[in-house]
Amino acid sequence: MAPVPDVLADLEWRGLVAQSTDRGALAAHLAGGPVTLYCGFDPTADSLHVGNLVPLFALRRFQLAGHRPVALAGGATGFIGDPSGRTSERSLLDADTLARRIRTLSAQMRHFLAFGEGPTDAVLADNLDWTRDLRVIDFLRDVGKHFPVNVMLDRESVAARLDSGGLSFTEFSYQLLQSLDFVELYRRFGCRLQVGGNDQWGNITAGLDLLRRVESASAHALTFPLVTDASGQKIGKSTGGGNVWIDPAMTSPYALYQYLLHVDDRDVGTYLRLLTFLGRDDVEQLDVATAQRPRERVAQRALARELTALVHGPAELARVEAVSATLFGGGELSSLDEDTLAAALAEAPSTTVGTSDAPLVDLLAAGLGLSKSDARRAIREGGAYLNNVRITDGNASTSAADWLHDRFLVLRRGKRAIAVVERVPHDGAGSRAAPPE
RNA sequence: GGCGGGUUGCCCGAGUGGUCAAAGGGAGCAGACUGUAAAUCUGCCGGCUCAGCCUACGAAGGUUCGAACCCUUCACCCGCCA
């Protein structure tokens, strides 16, 4: 990850620029020395997900190019709810949930940006800091006065909602809060560039206007495209529809790695550009590999390696690669020695049972989180496997010979979903164990 | 406040007293083909002690041998009128 001198050109090559204010002026601003820029992150969940990494990594790209990123946690804006991209009113979060989310959000952002006191060290801010004690009258006079309602109504995010049931005054006010953030960050850090997802364009330009009015300062804006994959899903949505989270307790490193390995050929180039720090030469070589030798999936492997390492670290990556090699390597599971197997399988989703043999349907249900009906169905359809061998008898139970090294059972549904069952001689049966951190 | 329309399984949506676990589409799952892709074809797609049973059609009551379908009340949504 060598520093990139011309960030703007790099971002453009990556497909990261959807809109910007005058490109020449922005380029000149960036060329004039370390620039302070910010991107806001509202606490909409208990963890960041893969899609959130696009703007976060973009901040990192600026930092690597010698600029100072400000990661702004939306302690205030998250309390209000952004109407952008929504068709209906958000339900309000309670203060405890919000505070908890802000804490985890901050911790996760800290993992990807270098924070500190130096000129290009990142800064973490929370907009609750300057809104908590703000008085309504002051807010209405100092901020509200600068917002013509007719302009506010024209903003895409508001107009869309007026056509679909309206929105509350609370959400209507969101753009004022976000604009105030820009002004505040300008005052505190001299921040004159805001970046964000393209759905933020309206909110960002509102901030530009306010900044010009109250500080007579000119500033810049740049937005990232909201990328959807070949099937129309937002980036970072698993096929089941759920988000792929950064928190290992919510999405295991193994699941993240597997998700990335399964990325569609048509999308993998985009993902490499947005979600890794690989340089242009490397990425373009991988593009060629995908076009010429798609079955090797070199690009998917590179993507999975890079991002898993960034999110969970190299040690975790090594473990996850080992499981994948063991489970999908095509070799005989029974030929692996116990230590190799134990180490590899420790990373896979696992379930612990007592010593006695049990019906396979029950084990499938418990191990893979299926209902028993689903487990029966999987066997009936020929989609269930024990130790890589198709299960044909829906009433079968395990027998002594099935336990690898007298300890493990590898269950699989279809090509992808795998669960390890380990039996533990001593304590109770049936308790589920989360994959170790 | 008045009048009218609506609320169906993950989503959209048909069904207007028995043959309804509920048409059709989407999403999802499995099999075949492959590359742990995509496309295509086939099957599946509430739960369970699975040839049967249980739970379900906004909620609660009621009518009936029998209700997603009829009646009453309540909740929420959408129109139109004040």
Side-chain angles (χ1 to χ4, degrees), chain A residues 87-89 91 161-168 228-235 237-244 252-272 286-305 307-308 320-331 333 344-345 347-349 358-397 410-420:
Chain A
T87 54
S88 58
E89 186 85 5
S91 46
R161 283 283 291 277
L162 291 178
D163 290 337
S164 64
L167 76 172
S168 65
T228 52
D229 67 20
S231 60
Q233 289 273 12
K234 278 186 197 165
I235 215 164
K237 291 273 182 189
S238 65
T239 45
N243 281 314
V244 179
S252 71
Y254 169 80
L256 172 70
Y257 182 86
Q258 288 288 323
Y259 163 75
L260 296 167
L261 208 56
H262 293 143
V263 166
D264 195 305
D265 289 355
R266 292 168 291 178
D267 297 317
V268 71
T270 308
Y271 282 46
L272 283 166
L286 290 167
D287 287 345
V288 171
T290 298
Q292 294 181 346
R293 304 182 304 281
R295 74 176 49 191
E296 290 175 18
R297 292 180 299 138
V298 182
Q300 278 89 343
R301 284 179 211 287
L303 172 68
R305 287 182 58 85
L307 192 52
T308 305
V320 153
E321 282 190 301
V323 207
S324 301
T326 303
L327 298 177
F328 296 106
L333 287 172
L345 299 183
E347 202 66 18
L360 286 171
V361 252
D362 291 342
L363 292 171
L364 279 167
L368 292 162
L370 306 172
S371 69
K372 274 197 195 174
S373 298
D374 272 330
R376 281 201 190 86
R377 198 147 39 230
I379 295 176
R380 197 194 319 137
E381 293 175 332
Y385 304 80
L386 169 62
N387 297 334
N388 281 347
V389 178
R390 176 173 289 170
I391 301 169
T392 50
D393 178 4
N395 296 315
S397 288
V410 178
L411 297 169
R412 179 156 64 87
R413 180 204 199 188
K415 290 177 188 168
R416 302 170 172 184
I418 287 211
V420 172

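Below, chain A is the first sequence line, B the second, and so on; all start at residue 1. Source: prediction; values computed, not measured.
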**Q** With sequence neighbours excluded, what pairs up with A/Ser324 under the side-chain hydrogen bond (donor to acceptor under 3.5 Å, both in side chains) test?
**A**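 Here the qualifying residues are A/Gln258.
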**Q** Polar atoms only, N or O, under 3.5 Å: list the protein pairs with nucleotides 40-43 of chain B and their distances.
**A**
{"from": "B/rG43", "atom 1": "N2", "to": "A/Glu381", "atom 2": "OE2", "distance (Å)": "3.1"}

**Q** I'd like to check the side chain to side chain contact (heavy atoms under 4.5 Å, CB included) partners of A/Ala417; sequence neighbours left out, ordered by chain and number.
**A**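 If we apply the side chain to side chain contact (heavy atoms under 4.5 Å, CB included) test to A/Ala417, skipping adjacent residues, the hits are A/Leu368, A/Arg413.
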**Q** Picking from B/rG47, B/rG31, B/rA37, which would you name as closest to the side chain of A/Arg416?
**A** B/rA37
**Q** Tell me, which of residues 261-272 of chain A have any heavy atom that sits under 4.0 Å from an atom in RNA chain B?
**A** A/Leu261, A/His262, A/Asp264, A/Asp265, A/Arg266
**Q** Does B/rG17 have a Watson-Crick or wobble partner in any strand here, with both distances under 3.5 angstrom, and which is it?
**A** none
**Q** Could you list the residues that satisfy side-chain hydrogen bond (donor to acceptor under 3.5 Å, both in side chains) with A/Arg377, not counting sequence neighbours?
**A**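 By the side-chain hydrogen bond (donor to acceptor under 3.5 Å, both in side chains) rule, A/Arg377 matches A/Asp374.
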**Q** Checking base pairs now: Watson-Crick or wobble, both atom distances under 3.5 Å. What partners B/rU72?
**A** B/rA60
**Q** For residues 384-394 of chain A, which residue pairs pass the salt bridge (charged side-chain N to carboxylate O under 4.0 Å, His left out) check, not counting sequence neighbours?
**A** none
**Q** Under a 3.5 Å cut-off for both contacts, is B/rC33 paired Watson-Crick or G-U wobble with anything, and if yes, with which nucleotide?
**A** none
**Q** Whole angstroms only, please: what is the CD-C1' distance between A/Glu321 and B/rU36?
**A**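 A/Glu321 atom CD is separated from B/rU36 atom C1' by 15 Å.
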**Q** For B/rC10, give the paired nucleotide (Watson-Crick: N1-N3 plus N6-O4 or O6-N4; G-U: N1-O2 and O6-N3; both under 3.5 Å), or none.
**A** B/rG26
**Q** In whole Å, I'd like the distance from the NZ atom of A/Lys372 to the P atom of B/rC53.
**A** 20 Å
**Q** Could you tell me the Watson-Crick or G-U partner of B/rG4, where both distances fall under 3.5 Å? Say none if there is no partner.
**A**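 Its partner is B/rC78 (Watson-Crick or G-U wobble, both distances under 3.5 Å).
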**Q** Take atom CZ of A/Arg413 and atom P of B/rC44, then tell me their distance rounded to the nearest Å.
**A**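 Going from CZ in A/Arg413 over to P in B/rC44 covers 15 Å.
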**Q** Please report, rounded to the nearest Å, how far the C1' atom of B/rG35 is from the CD atom of A/Gln300.
**A**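 Distance, rounded to whole Å: 9 Å.
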**Q** Looking for any heavy atom pair under 4.0 Å, which part of the strands does A/Ser371 touch: base, sugar-phosphate only, or nothing?
**A**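 Sugar-phosphate only.
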**Q** Could you pull out all residues at least two apart from A/Arg416 that satisfy side-chain hydrogen bond (donor to acceptor under 3.5 Å, both in side chains)?
**A**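 Residues passing side-chain hydrogen bond (donor to acceptor under 3.5 Å, both in side chains) with A/Arg416: none at all.
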**Q** Between C1' on B/rC33 and NZ on A/Lys415, what's the gap in Å once rounded to a whole number?
**A** 8 Å
**Q** Checking A/Lys415 now: which residues fulfil salt bridge (Lys or Arg N to Asp or Glu O under 4.0 Å) with it, not counting sequence neighbours?
**A** none
**Q** Looking for any heavy atom pair under 4.0 Å, which part of the strands does A/Tyr385 touch: base, sugar-phosphate only, or nothing?
**A** sugar-phosphate
**Q** In this structure, how many angstroms lie between the C1' atom of B/rU34 and the CZ atom of A/Phe328, rounded?
**A**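 In whole Å, B/rU34 C1' and A/Phe328 CZ are 15 Å from each other.
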**Q** Could you tell me whether A/Arg390 contacts a base, only the sugar-phosphate backbone, or nothing, with contacts defined as non-hydrogen atoms closer than 4.0 Å?
**A**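 A/Arg390: backbone/sugar contact only, no base atoms under 4.0 Å.
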**Q** Take the protein atom CD1 of A/Ile379 and the nucleotide atom P of B/rC29, then report the distance between them rounded to whole Å.
**A**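 After rounding, the gap between these two atoms is 19 Å.
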**Q** For residues A/Pro349 and A/Ile418, report the shortest heavy-atom separation together with the two atoms involved.
**A** CG-O, 3.6 Å
**Q** Of all residues at least two apart in sequence or in a different chain, which pass the side-chain hydrogen bond (donor to acceptor under 3.5 Å, both in side chains) check with A/Arg293?
**A**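 For A/Arg293 the side-chain hydrogen bond (donor to acceptor under 3.5 Å, both in side chains) partners, ignoring immediate neighbours, are A/Glu296.
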**Q** Quick one: which of B/rA30, B/rG35, B/rU36 gets closest to the side chain of A/Gln258?
**A** B/rU36
**Q** Using a 4.0 Å heavy-atom cut-off across all strands, classify A/Arg377 as base, sugar-phosphate, or nothing.
**A**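 The residue A/Arg377 makes sugar-phosphate contact but no base contact.
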**Q** Rounded to the Å, how far apart are A/Leu370 CG and B/rC44 P?
**A**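 Computing the A/Leu370:CG to B/rC44:P distance gives 19 Å.
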